[in-house]
Amino acid sequence: MSLNSFLLMRQEILLLAILLLLIVGEIFIPKNKKSSVVHLALFLFGIHTAVGFLGIEESSVFGGMFQTNNLIHFFKNALNIGVLVLLLQSADWIQEKIVQKNKGTEFFILLFSSLLGMYFMISAGDFLMFYLGLELATLPVAALAAYETSKRISSEAGIKFILSAGFASGIALFGISLLYATTGSIYFNEVMEVIISNNLTILAFILFFTGLAFKISLVPFHFWTADVYEGSPISVASYLSVISKGAAVFILMILLFTVLKPLMHVWENIIYVIAIATMTIGNLFALRQKNMKRFLAYSSIAQAGFILLGLIAGTQLGAATVVYFVLIYIFSNLAAFGVVQAISLKTGKENIDDYNGLYRTNPKLSLVMMLGLFSLAGIPPVAGFFGKFFLFTAAASQGYYFLVFIAVVNATISLYYYLLVIRAMFIRNSNTPIPYFRNKIYMRLGLLITAIGILVLGLYSPLYDYIYELTGIFG
Amino acid sequence: MIAGISIYEILTLTSILFFIGVYGFITRKNLISILISLELILNASAVNFVIINKYLFPENLQGVFFSIFIIAVAAAETALAVAIIINLYRQISSVEVEDTEVMKY
Amino acid sequence: MEQIIFYLLALIMIVMAIASVSSRKMLRSVVYLLFGLIGVAGVYFLIDYNFLAAVQLTVYAGGIVVLIIFSVLLVHHMEMEMETAKKSKQILTGLSCLIGLGVFLTIMYSHEFTVVENTLTTTTAEIGMGLLSYDAGGFILPFEVISVLLLASMIGAIVIAKGVKLENEGKETVGNPQTRIENSQETEDEN
Amino acid sequence: MDILSLFVLVPVLTILVLFATKGLKQARLVAMFGSIVQLGMAVNLIFAYFRERAVNTDIMVFTRDFVWFKSFNIHYAIGVDGISVALLTLTSIVVLAGVFISWKMKDLPKEFFVSLLVLSTGVYGFFISIDLFTMFLFYEVAVIPMFLLIGIWGSGPKEYSAMKLTLMLMGASAVLLVGILGIYFNSNADGGALTFNILEIAKVSIPFEAQKLFFPLTFLGFAVLGALFPFHTWSPDGHASAPTAVSMLHAGVLMKLGGYGIFRVAMFLLPQGAIEWSWVFIILSATGVIYGAFAALRQTDLKYINAYASVSHLGMVMFALLMLNKTGWNGAILQSLSHGFMTALVFALIGMIYERTHTRDITRLGGLLKVIPFISVAFVVVGLAYLGLPGFSGFVAEMNIFVGAFQNDDMFTRVATVIVISAIVVTAVFLLRVIGIMLMGRVKNPEYLKLPKVTWYERTGIILLFIPIIGIGIAPLWLSDMILESLEPFIRGVL
């Protein structure tokens, strides 16, 4: 161990320090001032996010168990920003509902340890670290999903999540064990050298992929998603759909493009089928939803299908578009969830019909929502358009024109249900609209950041070029 | 190494265990039973790691370590799941899956 | 001799596993699982991984199963028979699992494993050294991560199970918070 | 700042200023000011274009090129030729007229003008782009505000119409996207780098197989916006439900994007594909022409009549484009322009009539010539222009189209041409029918006797649109020259 390796693991160590600091804080903050823990956590995490922007060297430590490079570091920063925005958006909810029950600090501890798990997962240099990171990223979220202990639906979400996640990682583990049998190592770099395509390896890969497909909620492993999103507190649903999914996609991409690259002829076929199924089924179910959280759940399933279009390319272009899209997706989905959260907190309303006439009472919220939904739908000039266009380009670059065609048809279907929400907000009128309210500062800040992100990420091209440069490692 | 037993036989055993777990996970209607099925799946994988390590790659202990960590994770997972189940039970006095489905697909 | 023991163990494990996923009595199901897990420990003993066998016995049999039994006792009326899934679903799932098993076995048997003959015995010291070594091949980092994982899940379990004032006075409060805290700490100690 | 980027920048700035306004008065003033500036820029552009053309013989002039997304070779590349200059002018006039027509917009005025200007930004951007990516981007920018414009300020089954229109057009853009990607990935056929730049791609000979595959996709993607039969169904519903200014802009300008795109992308870049597939689309567009005319005959709702007439006229544009010769193309572009002005004017007049009588059903109207003479006379005159009477823009355009069509002397095109020409007769019938029922005769409803007089802003809008209709009719040559000159490279490329 040297100072250098500490520097490499800066993000992890800093987050762990914040975690411990919060535990200590929990002991020393007097009971009547518990709400200050929200400010403390936000402040600390803000610093952590800012510090993350300092550069990092490419290297690996602990005998290759932990590796990092600029792309991974960049993605950690993206996750940080996502979590920061999420915390800003849910600060009021935590103040009002969670701190009151004296569970505020634990909320942050669980959230941060889950984020820590994601760090380890995407920095993993072997399957063990990957597995542990995955579990560390998942288990605390199950606790968070069940956080509203007095609500039955919340507990159900928690148990459904933890059982499906356990099942998924069990299957993935069996796959890893078979992969270990054929390659003799759990280290990525060693596996990469010896992996060859034979039946057992393919079986191992399919099992392993199944496990990850659960996390990204790809069809046919998506059935838990809507229930869990609906039951969980909105911040947790948002976290699941944005941060969790983003990290899982990222690690899947890294694995597919490096370790499992020799199996490309296998996985491109699998992804082809799953991409079509995921987009189509996600869309078809989203069409029928009345509840905003379920609606966003299915919409995020469909979005995952689009992401696969970048993965199928298997090139640097594919990697760049995937990372770029995930980044945009984080902002877009956070905008949508943020508005849902703001409204739910003030009025408790979560159905699409409740949004009727929202623009006339709360124009700013509606505009943020519109930006988010347009970005998800891929309407220019907001960022989602660029993200989707590039994903399609990546798939087309390998000649998958038919897949792109299916995807654009699906994009049009998805536009339909996004427009349903926009119709409710802008066109419909309601006798009992959601009255005007003014959000608190944190929420406003959180929504503002997402709105700016959605507007800027697409038009500001150097960002994409930077990502493209970073993905040069997949050359 | 177990004298007279080839790796194929042990892999057969773990595969059977794995599928019994999968079967239980899908057909059982009770949250705790589902948890039990999950343990079977995890155990199948853990045994796999150990015997592959022993039979094929005895020079280092990666598989053994992997299964130790699997056991630890299983413990954490179970503890959390049990906590949630108990909390759920406090609200609905049942752990049957049917009773938990206020949410429809 | 070892061969016979193995077959015996395998038989016990499979029978117990089937029994535990098909028994309609909750507690029995858990006990069957316990025997299945002990069978796994037996396999570990057979291939000379004594430490692992011990871990399997203490953590799984001593920790996890006890935890599950606790929860069964807390939430379930023992006499009650569990509902089962529809027959058609059972048969369908069973069939697809059999097909899956067939596929697995065909693929595995058609694969040539290069078995390395060895009589190495692994001592607990080696495992301990491996766990705490931070060189190549060392496992200190996962060890640290799992400690965070256990901490997090302990906190999560406590928060979830921590007694909140129940809205409905009529319902009985099951289990006091203290038990669960101890349970969770137990899991941490096992590491 | 270059002269073309201003066309995107000025509307965007206007939108930003609009966000800061309060109430109808401020909003419409800002919108009017912004649109007048745009019109000024367009007029200035015409003169600048002629000056520049005299010394510059490139395909496109005023070109600017900035690298945008380096790794995709996406550029913000702009440039105009005579065709785009003419269409830009059309847009600026219709937008300004649209602002005048919406002078009394009561509900959410600020949002209305913002959406209107977003639409016009998209259209301007589309016409100045010579990069497929930015072109596609602006195309979608132009389409999406329609949803809100029809949905919020429309009438009748507005939600249905808005949804149908948006989905059909976005679905078309989805098909188009595949076509564009196909072109992009074949743009290195001669060994260069992949590019979205139209001028660069035009130099490359895209493999025949790819042309055959991607031409129909590209054509269809644009043709839906040009209301190609049988994908025209969004158009009558959309027009009928839209508020007046939006119908004007939509029929007058937005639908022209279709024809322009077909011409500039599908025909120019995939000429062999065009020759290969033209028979299919000739059949479809000829059907559209005749179908639109007959459908207009059967309708009694004024907006539906005009909407179907637009289907017919735009079918003629696509038909003329598919004739693949210079005269036909000249006619197609002239027809686009002339139809743009005429249909905008008709929609404006329909809007004014509806505002006064609260009905668009011609059977319930009558004798309007006596009560609102200015509007009625304007209606008659524009009706005559619609018929293609000499002295108006319509005549020049249709003349060119048919002369062009007859240059193809195979049996198939002949038959199609005859069918298309016969549509003119049908058009004449329904126009005279409308004029006869609605304007002549006695006043059916006594309430109509005291309809309010035409206001100054309505007058301004009408006159604004009349100037080019008559202008093109009387002095078509300078416009024709401008277009013909710009057609040269296309002729060389395609034929």
Side-chain angles (χ1 to χ4, degrees), chain A residues 316-317 320-321 324 359-360 363 367 370 374 377-382 385-386 388-390 392-416 419-420 422-429 458-469 471, chain D residues 12 19 66-72 74 76 107-108 110-111 115 118 121-122 125 133-134 136-145 147-148 150-154 158-159 162-164 166-182 184-185 194 196 210 213-214 217 221:
Chain A
Q316 180 186 4
L317 178 66
T321 53
Y324 184 61
Y359 181 73
R360 284 162 207 269
L367 284 176
M370 184 175 82
F374 273 175
I379 301 292
V382 290
F385 169 77
F386 297 89
K388 265 200 189 138
F389 191 98
F390 295 166
F392 295 159
T393 312
S397 72
Q398 300 300 308
Y400 292 107
Y401 289 109
F402 181 69
L403 184 63
V404 172
F405 181 74
I406 299 281
V408 287
V409 169
N410 268 301
T412 314
I413 299 174
S414 76
L415 177 66
Y416 171 71
L419 284 181
L420 288 183
I422 293 186
R423 182 181 77 182
M425 293 189 302
F426 286 83
I427 297 176
R428 290 255 163 106
N429 285 314
L459 296 170
Y460 185 68
S461 62
L463 180 76
Y464 176 79
D465 292 328
Y466 177 65
I467 294 174
Y468 186 76
E469 220 171 274
T471 49
Chain D
V12 169
F19 269 117
F66 303 102
V67 179
W68 195 3
F69 288 94
K70 201 167 48 194
S71 47
F72 288 104
I74 290 174
Y76 170 73
D107 190 25
L108 301 173
K110 180 167 87 179
E111 286 77 4
S115 314
V118 170
T121 314
F133 178 81
T134 44
F136 183 72
L137 187 149
F138 282 121
Y139 172 98
E140 296 213 335
V141 168
V143 168
I144 205 71
F147 179 73
L148 293 177
I150 296 179
I152 300 179
W153 297 279
K158 54 182 186 177
E159 287 184 1
M163 195 59 99
K164 185 174 178 184
T166 317
L167 287 183
M168 281 192 75
L169 294 186
M170 287 315 230
S173 83
V175 179
L176 176 63
L177 174 70
V178 181
I180 287 181
L181 288 178
Y184 173 64
F185 283 110
L194 292 174
F196 279 109
L213 182 60
F214 296 114
L217 295 175

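In what follows, chains carry the letters A, B, and so on, assigned in the order in which the sequence lines appear, proteins first and then strands, with residues in each chain numbered from 1. Scope of the values below: all heavy atoms of this structure, side chains included, with no hydrogens, waters or symmetry mates. As the structure is a computational prediction, the values presented were derived from the model and not from experiment.
Pairing each heavy atom of V141(D) with each of G122(D), the nearest pair is CG1-CA, 3.9 Å. Minimum heavy-atom separation, T412(A) to A174(D): OG1-CB, 3.7 Å. Contact record, I379(A) with V382(A): O-CG2, 2.9 Å, taken as the closest heavy-atom pair.
Y184(D) contributes no side-chain N or O that, together with a main-chain N or O of F133(D), makes up a donor-acceptor pair within less than 3.5 Å.
Ranked by heavy-atom pairs shorter than 4.5 Å toward chain D, the options V404(A), L415(A), I427(A), N429(A) are led by I427(A). For the set A407(A), S397(A), P381(A), the count of heavy-atom pairs under 4.5 angstrom toward chain D peaks at S397(A). Between chain D and the residues L459(A), I413(A), L419(A), the most heavy-atom pairs under 4.5 angstrom are made by L419(A). Chain D forms the most heavy-atom pairs under 4.5 Å with one residue out of F374(A), F385(A), F392(A), F426(A), and that residue is F385(A). Residue with the most contacts toward chain D among Y416(A), Y460(A), F405(A): Y416(A) (heavy-atom pairs, distance under 4.5 Å).
The parts of A396(A) that come within reach of chain D are both its backbone and its side chain, each placing non-hydrogen atoms under 4.5 angstrom from that chain. For chain D, the nearby part of M370(A) is the side chain; its heavy atoms alone come within less than 4.5 Å. For M170(D), the parts lying near chain A are the backbone and the side chain together; criterion is any non-hydrogen pair under 4.5 Å. Contact annotation for L317(A): only side-chain heavy atoms (C-beta onward) come within less than 4.5 Å of a heavy atom of chain D. When heavy atoms are compared at a cutoff of 4.5 Å, F390(A) approaches chain D by way of both its backbone and its side chain. Residue F69(D) touches chain A through both its backbone and its side chain, counting heavy-atom pairs closer than 4.5 Å. Only the side chain of L108(D) comes within contact range of chain A, judged by heavy atoms closer than 4.5 Å. In this structure, no portion of L194(D) lies under 4.5 Å from any heavy atom of chain A.
For the side chain to side chain contact (heavy atoms under 4.5 Å, CB included) test, residues two or more places apart in sequence or in another chain that qualify with A320(A) are Y464(A), I467(A), Y468(A), T471(A). Under the ring-ring contact (aromatic ring centres under 6.0 Å, His included) criterion, Y401(A) pairs with F214(D), not counting sequence neighbours.
Exactly one residue among V143(D), T134(D), L137(D) makes a side chain to side chain contact (heavy atoms under 4.5 Å, CB included) with P380(A). That residue is L137(D).
For the pair V12(D)/T121(D), a side-chain contact is recorded, criterion being any heavy-atom separation below 4.5 Å from C-beta on.
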